[in-house]
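All remarks here apply to the structure that follows.
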There are 2 protein chains.
Amino acid sequence: VPNESAILRQVAKLAAARRCPNLVLGIGDDCAIYTPRAREDMVFTTDMLVENVHFSRATHSAQDAGHKALARGLSDIAAMGAVPRFCLLSLALPPETPARWRNGFFAGLLQLAAEHRVVLAGGDLGTAPVITADIVAAGSVSRGKALRRDGARPGDRIFVSNRLGASALGLVTSKGAAGRRHRRPVPQVALGSFGRNHHASACIDLSDGLSSDLHRLCLVSGVAARITAPPLFPGASLEQALHGGEDYELLFTVPPGRAFRHSALTCIGTIEAGPAGRLFLDGKLLRPQGYDHFRNRK
Amino acid sequence: VPNESAILRQVAKLAAARRCPNLVLGIGDDCAIYTPRAREDMVFTTDMLVENVHFSRATHSAQDAGHKALARGLSDIAAMGAVPRFCLLSLALPPETPARWRNGFFAGLLQLAAEHRVVLAGGDLGTAPVITADIVAAGSVSRGKALRRDGARPGDRIFVSNRLGASALGLVTSKGAAGRRHRRPVPQVALGSFGRNHHASACIDLSDGLSSDLHRLCLVSGVAARITAPPLFPGASLEQALHGGEDYELLFTVPPGRAFRHSALTCIGTIEAGPAGRLFLDGKLLRPQGYDHFRNRK
């Protein structure tokens with residue numbers, strides 16, 4: 001049985017393969033040390049992935065779980081229009097978890113990290129009754145340029161990336177492209193940067209479902225919204241596209257007159273003055289119905 | 001039953017009472033935004049607190065658990081000689097957890113945060129089979145000045161803060177001052193800054209026990225160490241002081257000739273050349289015996 005230090009040394013070795021120039025010190029001390037760049041803002045998010053809540057071993061491989069843990073964090077960084085730089089991981093496992101599972105988890109996480117040049121800079125290892133992974137993702141963005149949720153204004157157009165409903169469909173079928181999107185969501189980092197460079201007024205990632213997340217953005221921006229049906233992932237229903245969570249696509253609002261052309265972005269409506277958070281779909285009231293951990297409890 | 005958004009709004013209100021001047025955006029968006037100061041390094045740590053692993057509801061009040069979650073993170077910041085600035089919290093609770101418990105947890109956490117002028121800048125709320133809290137703490141330190149574990153050199157003196165064994169004693173008795181120290185450990189932030197200002201060569205916080213943590217520091221510094229018995233917390237045994245975890249006191253190494261006088265710091269030995277990580281207590285070999293989640297599994 002390897003002990004905690006041995007596991008950490010192994011992970012540190014894997015993680016050291018990638019370097020972030022401003023990360024002075026990574027795994028192995030009480031803290032990671034980062035030297036900020038000139039004129040840089042930093043953005044931070046934390047997201048917990050819990051077995052049998054966010055994934056199950058029956059439907060997700062260890063690699064899928066590792067990928068998903070980091071993808072959720074990177075999607076939050078993307079939604080700020082920022083570039084991810086490094087991450088930290090707290091991982092608690094049941095004592096009987098096979099070493100193979102643990103190694104697979106790190107492999108899935110570190111592969112996605114490598115794709116985005118993100119360094120695993122530290123973390124914590126422990127035990128828990130079910131697999132519990134908390135990811136901390138940190139990113140950087142030019143000072144004052146981060147995209148926030150509260151910048152939407154009446155007259156702005158609403159865009160979503162790609163097609164919606166894949167994850168909800170994949171949750172049901174577990175098959176094909178939708179199954180893969182459910183197990184390995186793709187954080188839209190490049191589109192987040194596109195949105196920031198093209199002066200989006202607000203952005204949010206679709207983690208709980210279009211209706212909930214657009215509602216949230218409108219609530220903090222103090223506006224209402226009017227949309228038509230979003231582009232559907234092949235095989236997904238309108239319900240799945242509107243209320244299904246975990247698509248991790250991005251929703252932008254864009255001031256009138258700003259060019260915002262990209263093959264992966266579709267305009268689905270406009271922001272308007274009105275009661276904060278009120279949504280209309282094809283002229284009819286649309287109620288937010290996304291996932292809420294505490295509302296959905298039995 | 002309040003939903004996730006309602007809980008977050010309530011927490012955001014409480015957290016907003018404190019401000020960190022460089023935190024541009026806190027709870028309520030996909031990420032927190034921080035504008036780094038000039039000539040500042042940032043340090044980051046993450047620590048997971050799991051019910052029935054790190055605490056139990058029988059021995060810890062909700063306030064104790066909230067305090068402990070943050071104290072662990074602040075202690076890591078202190079060990080770098082840094083000043084804590086903000087924190088993020090991922091909290092997953094069994095669905096049947098009373099609202100009173102959740103409120104108590106936030107009260108305990110936010111009270112300690114206020115004492116250290118630390119802002120709760122964001123997080124995640126979800127469900128899990130047992131209470132699971134992952135704290136992310138971020139601090140700042142003058143560029144290049146963070147205290148690391150790997151700076152100890154032969155000839156350096158070894159200092160520890162205050163007296164050791166309180167937490168191990170308190171774990172057994174649950175009573176008096178030791179019980180309080182076990183339930184509400186005190187992160188030694190001011191002493192960490194003292195160590196940095198007085199040119200300590202290395203520092204580590206005593207989270208797993210003196211023998212383990214000194215062993216770790218020596219291992220990465222490539223040195224051995226020779227110590228005498230550390231100051232004992234009243235009622236604690238030498239065993240508890242050497243191998244008991246969760247004291248969250250600090251251990252410094254200090255180059256010869258550097259003044260390092262402070263009423264809370266005691267010199268307990270010296271670093272010497274020798275096999276990396278080898279420890280002697282009063283001339284006899286001392287084996288590290290601190291807590292290891294994976295080694296101690298049944």
Side-chain angles (χ1 to χ4, degrees), chain A residues 1-5 7 24-25 28-36 40-48 50 53-54 76-77 79-80 82 88-90 92 95 121-130 132 134 136 138-139 143 146 148-150 203-205 216 220 292-295 297-298, chain B residues 1-5 7 24-25 28-36 40-48 50 53-54 76-77 79-80 82 88-90 92 95 121-130 132 134 136 138-139 143 146 148-150 203-205 216 220 292-295 297-298:
Chain A
V1 176
N3 67 14
E4 195 171 337
S5 314
I7 298 169
V24 181
L25 183 64
D29 213 303
D30 291 300
C31 290
I33 308 176
Y34 181 88
T35 299
E40 165 180 78
D41 277 348
M42 296 197 68
V43 299
F44 301 96
T45 181
T46 178
D47 255 301
M48 201 180 266
V50 179
V53 176
H54 300 98
D76 282 330
I77 302 288
M80 307 301 285
L88 309 173
L89 173 74
S90 281
D124 188 23
L125 271 179
T127 53
V130 296
T132 309
D134 194 53
V136 184
R143 189 153 298 177
R148 303 162 53 142
R149 291 181 180 179
D150 60 4
C203 183
I204 191 169
D205 73 324
R216 249 171 229 152
V220 292
D292 183 315
H293 283 283
F294 286 88
R295 196 179 57 205
R297 72 197 200 177
K298 289 175 199 101
Chain B
V1 175
N3 66 15
E4 194 172 338
S5 314
I7 298 169
V24 180
L25 182 65
D29 213 302
D30 291 299
C31 290
I33 307 176
Y34 182 88
T35 299
E40 165 179 78
D41 277 348
M42 297 197 69
V43 300
F44 301 96
T45 182
T46 176
D47 256 300
M48 199 180 267
V50 179
V53 176
H54 301 99
D76 283 330
I77 302 289
M80 307 300 286
L88 309 173
L89 173 73
S90 280
D124 188 23
L125 271 179
T127 53
V130 297
T132 309
D134 194 54
V136 183
R143 190 154 298 178
R148 303 162 53 142
R149 292 181 180 180
D150 61 3
C203 184
I204 191 169
D205 72 324
R216 246 171 232 154
V220 292
D292 183 315
H293 282 283
F294 286 88
R295 197 178 57 206
R297 71 198 199 175
K298 289 178 197 101

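Residue numbering restarts at 1 for every chain, and letters A, B, ... go by the order of the sequence lines.
- Distance alone, capped at 3.5 Å, places no donor-acceptor pair between the B:R143 side chain and the B:D41 backbone.
- Looking at B:M80, only its side chain comes within 4.5 Å of chain A, counting heavy atoms on both sides.
- The aromatic rings of A:F44 and B:F44 sit tilted, their planes meeting at an angle between 30° and 60°.
- Chain B forms the most heavy-atom pairs under 4.5 Å with one residue out of A:T132, A:V130, A:L89, A:D134, and that residue is A:D134.
- Of the listed residues (A:V43, A:D205, A:V50), the greatest number of heavy-atom pairs within a distance under 4.5 Å of chain B belongs to A:V43.
- Residue with the most contacts toward chain A among B:D150, B:V220, B:V136, B:D76: B:D76 (heavy-atom pairs, distance under 4.5 Å).
- Both the backbone and the side chain of A:I33 come within less than 4.5 Å of a heavy atom of chain B.
- Both the backbone and the side chain of B:I204 come within contact range of chain A, with heavy atoms under 4.5 Å apart.
- Of the listed residues (A:C203, A:C31, A:A82, A:A92), the one with the most heavy-atom contacts under 4.5 Å to chain B is A:C31.
- Between the CG atom in B:D47 and the CG atom in A:D124 there is a gap of 4.5 Å [rounded to 0.5 Å].
- Between the CE atom of B:M42 and the OG1 atom of A:T35 there is a distance of 11.0 Å, given to the nearest 0.5 Å.
- Of the two parts of A:R148, the backbone and the side chain both hold a non-hydrogen atom closer than 4.5 Å to a non-hydrogen atom of chain B.
- For the pair B:I77/B:T45, a side-chain contact is recorded, criterion being any heavy-atom separation below 4.5 Å from C-beta on.
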